[in-house]
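The structure appears right after this line, and notes come after that.
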Amino acid sequence: IISLFILIADTMFVVTNYQATQEELRAEITRQKKESLSSFDRYMDASYTSMLQLANFVAYDKKVKEMFSKGREAFLAGNKKLADEYRKKLYAYLEDSWGALQGKYLVRQLHFHISPGDTSFLRVHKPDKFGDDLSSIRHTIVDSINKNKEIIGFESGRVYSGLRGVTPISNIEGKTIGALEAGTSFKAIVKEISYSIHANFAVLLNVPYMENTMWKERLRPFFEESPPINNLFIEASSNENIRELLSNPTLSLSKQSTHNQIIKMGEKSYAVFSKPLQSYQTTRDHIPEGIGYVLAWKDVSLLVERHKKN
């Protein structure tokens with residue numbers, strides 16, 4: 001009877017100790033998830049602020065306002081030749097500083113939009129593409145114009161997806177006549193934050209979302225260079241083993257909430273943290289399912305082994 005009691009007591013001790021160790025591991029992984037994803041959000045907010053400041057800086061230039069206003073008037077009047085002249089003048093005025101802006105501020109898009117609705121007037125990043133109606137996909141622009149307010153948010157356009165800062169443009173009478181957006185990509189963010197907190201990051205976009213917003217001729221080279229995995233396109237990543245991670249059959253992603261798990265890849269154990277990536281529209285309309293995912297992962301092999309030994 002005493003031996004049986006000792007056996008039961010030892011078993012309970014082992015089970016209790018194992019449960020406590022597992023709980024400690026889960027708590028540590030949860031802590032790292034919060035740290036990683038919160039850091040990502042802070043970097044993203046800083047990028048939005050930078051893009052909005054840049055958009056305002058350009059939009060409040062008197063010459064920019066004048067050329068855009070006259071170009072818009074010509075466009076709405078159906079005077080294509082005169083609208084083209086002002087478009088070219090506006091591009092020439094900004095062309096010299098565009099390269100410097102790209103290098104210093106990591107800006108990827110600078111785009112002038114005409115109201116009412118949303119018609120592209122000048123893509124400084126792609127000046128040969130203009131005149132297309134974007135009102136069905138560019139919610140940041142439409143809301144900025146209609147509400148006469150600054151807007152920030154992630155959104156896919158016809159050429160690029162990007163983190164965008166949008167500011168309305170007014171004429172000399174104070175009437176909103178359009179909007180200017182400055183945008184950057186996630187590529188700079190994932191590299192900086194990965195170096196800063198020693199974790200890998202990636203941004204994934206749902207392929208259907210991209211197909212609904214971007215031109216097919218733009219999608220083709222993207223998909224050829226980086227074929228989607230499980231209907232997810234790698235918009236940006238700090239580490240090339242993201243493709244191995246996405247191909248792992250044990251990887252689980254939650255469409256509506258943050259998620260964490262430990263995955264084995266080769267001899268190493270990785271903690272993987274994820275959350276839905278929200279666009280401006282899904283945030284505005286309170287849609288829990290995003291248009292992709294933010295993914296973070298880090299090697300926790302030593303942590304896992306230490307808890308196994310305990």
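- A donor-acceptor pair under 3.5 Å is formed between the side chain of Q261 and the backbone N or O of S252.
- For the pair R87 and F130, the distance from NZ or CZ to the six-membered ring centre is under 6.0 Å and the angle to the ring normal is within 45 degrees.
- Rounding to the nearest 0.5 Å places OG of S247 at 11.0 Å from CG of N241.
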Show your working on side chain to side chain contact (heavy atoms under 4.5 Å, CB included) between M214 and R158 and close with a plain yes or no. CA-CA 4 Å; M214 300 181 73; R158 296 301 190 194; 5.9 Å; no
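- Taken from OG in S301 to CZ in R306, the straight-line distance is 11.5 Å, to the nearest 0.5 Å.
- Side-chain atoms of T30 come within 3.5 Å of backbone atoms of R26 as a donor-acceptor pair (strictly under, hydrogens ignored).
- The shortest non-hydrogen separation linking S279 to T282 is N-OG1, 2.9 Å.
- In this structure the side chain of E73 never reaches within 4.5 angstrom of the side chain of N171, judged on heavy atoms.
- A donor-acceptor contact closer than 3.5 angstrom links the side chains of E155 and T140.
- Salt-bridge annotation for R138 and D132: absent, with no side-chain N of the basic residue lying under 4.0 Å from a carboxylate O of the acidic one.
- Here the closest heavy-atom approach between residue N148 and residue S170 is recorded as OD1-OG, 4.4 Å.
- Of the possible donor and acceptor atoms, none in the side chain of N248 sits under 3.5 Å from a partner among the backbone N and O of M265.
- Of the N and O atoms on the side chains of S237 and R243, not one donor lies less than 3.5 Å from an acceptor on the other residue.
- The cluster map of Ile, Leu, Val, Met, Phe, Trp and Tyr, joined by side-chain heavy atoms under 4.5 Å apart, puts F201 and Y270 in different clusters.
- Residues K33 and T258 come closest through the heavy atom pair NZ-OG1, 3.3 Å.
- In this structure K70 satisfies the salt bridge (Lys or Arg N to Asp or Glu O under 4.0 Å) test together with E66, sequence neighbours excluded.
- Remark: E28 pairs with R31 by the salt bridge (Lys or Arg N to Asp or Glu O under 4.0 Å) rule, at least two apart or across chains.
- V107 is listed as a side-chain neighbour of W98, based on a closest heavy-atom distance under 4.5 Å.
- Side chain to side chain, Y93 and D61 meet the donor-acceptor criterion of an N or O pair below 3.5 Å.
- You'll find the side chain of I197 stays beyond 4.5 Å of the side chain of F40, heavy atoms only.
- With no hydrogens or angles considered, a side-chain donor-acceptor pair links T167 and N56 at under 3.5 Å.
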Before giving the answer on side chain to side chain contact (heavy atoms under 4.5 Å, CB included), spell out for L205 and F186 the whole-Å C-alpha distance, their side-chain angles and the decisive distance to 0.1 Å. CA-CA 11 Å; L205 296 181; F186 276 113; 6.0 Å; no
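- Contact of the V64 side chain with the F112 side chain is registered, since non-hydrogen atoms from C-beta on lie closer than 4.5 Å.
- Linking Ile, Leu, Val, Met, Phe, Trp and Tyr whenever their side-chain heavy atoms come within less than 4.5 Å puts L37 and V203 in one cluster.
- Within the 3.5 Å criterion, the main-chain N or O of M51 finds no donor-acceptor partner in the side chain of R164.
- A donor-acceptor pair under 3.5 Å is formed between the side chain of S36 and the backbone N or O of Q32.
- Considering only heavy atoms from C-beta on, I145 stays 4.5 Å or farther from P168 through its side chain.
- Closest of all the heavy-atom pairs between L106 and T184 is O-OG1, 2.6 Å.
- Hydrophobic clustering (ILVMFWY, side-chain heavy atoms < 4.5 Å, transitive): Y293 and I291 are in distinct clusters.
- Looking at L134, V166, L180 one by one, the single match for side-chain contact (heavy atoms from CB on, under 4.5 Å) with I141 turns out to be V166.
- Taking the side chain as every heavy atom from C-beta outward, I242 and N200 never approach each other to under 4.5 Å.
- A donor-acceptor pair shorter than 3.5 Å can be found between the side chains of S39 and R42.
- Heavy atoms from other residues, nucleotides or ligands lying under 6.0 Å from CD of E173 number more than 12.
- Within 6.0 Å of atom CD in E240, 12 or fewer heavy atoms from other residues, nucleotides or ligands are found, so the atom counts as exposed in its surroundings.
- Surrounding OH of Y60 are at most 12 heavy atoms belonging to other residues, nucleotides or ligands under 6.0 Å away.
- Hydrophobic cluster membership is shared by L101 and I169, with clusters built from Ile, Leu, Val, Met, Phe, Trp and Tyr side chains linked at under 4.5 angstrom.
- Residues S156 and I137 are not in side-chain contact: their nearest non-hydrogen atoms beyond the backbone lie 4.5 Å or more apart.
- The cationic group of K88 does not satisfy the cation-pi geometry with Y91, failing either the under 6.0 Å distance to the six-membered ring centre or the 45° limit from the ring axis.
- Hydrophobic cluster membership differs between Y209 and L232, with clusters built from Ile, Leu, Val, Met, Phe, Trp and Tyr side chains linked at under 4.5 angstrom.
- Considering all non-hydrogen atoms of both residues, I152 and Y280 come closest at O-CD1, 3.5 Å.
- No donor-acceptor pair closer than 3.5 Å links the side chain of S269 to the backbone N or O of K264.
- Using a distance-only test at 3.5 Å, with no hydrogens or angles considered, no donor-acceptor pair links the side chain of R72 to the main chain of I114.
- Atoms OG and CG, on S69 and L90 in that order, are 11.5 Å from each other to the nearest 0.5 Å.
- Using modelled atom types, no side-chain atom of S274 and backbone atom of V294 make a donor-acceptor pair closer than 3.5 Å.
- A side-chain donor-acceptor contact under 3.5 Å links Y48 to the backbone of F154.
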Side chain to side chain contact (heavy atoms under 4.5 Å, CB included) between N79 and Y86, worked out: CA-CA 11 Å; N79 192 334; Y86 279 112; over 6 Å; no
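- A distance-only check finds no donor-acceptor pair linking the side chain of S226 to the backbone of F222 [under 3.5 Å].
- Evaluated for a side-chain hydrogen bond (donor to acceptor under 3.5 Å, both in side chains) with S120, the options H111, K129, K126 yield exactly one hit, H111.
- Counting non-hydrogen atoms of other residues, nucleotides and ligands closer than 6.0 Å to NZ of K298 gives a total above 12.
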With side chain to side chain contact (heavy atoms under 4.5 Å, CB included) as the test, would you mind laying out the steps for L246 and L204 before giving the verdict? CA-CA 10 Å; L246 290 178; L204 314 171; 3.7 Å; yes
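- Note that CD of E181 and NE2 of H113 are 3.5 Å apart. Values are rounded to the nearest 0.5 Å.
- Expressed to the nearest 0.5 Å, how far CD1 of I287 lies from NZ of K255 amounts to 13.5 Å.
- A distance of 12.0 Å separates CD in E211 from CZ in F233, rounded to the nearest 0.5 Å.
- Here the closest non-hydrogen pair linking V159 and R123 is CG2-NE, 4.0 Å.
- There is no side-chain donor-acceptor pair under 3.5 Å between W297 and N239.
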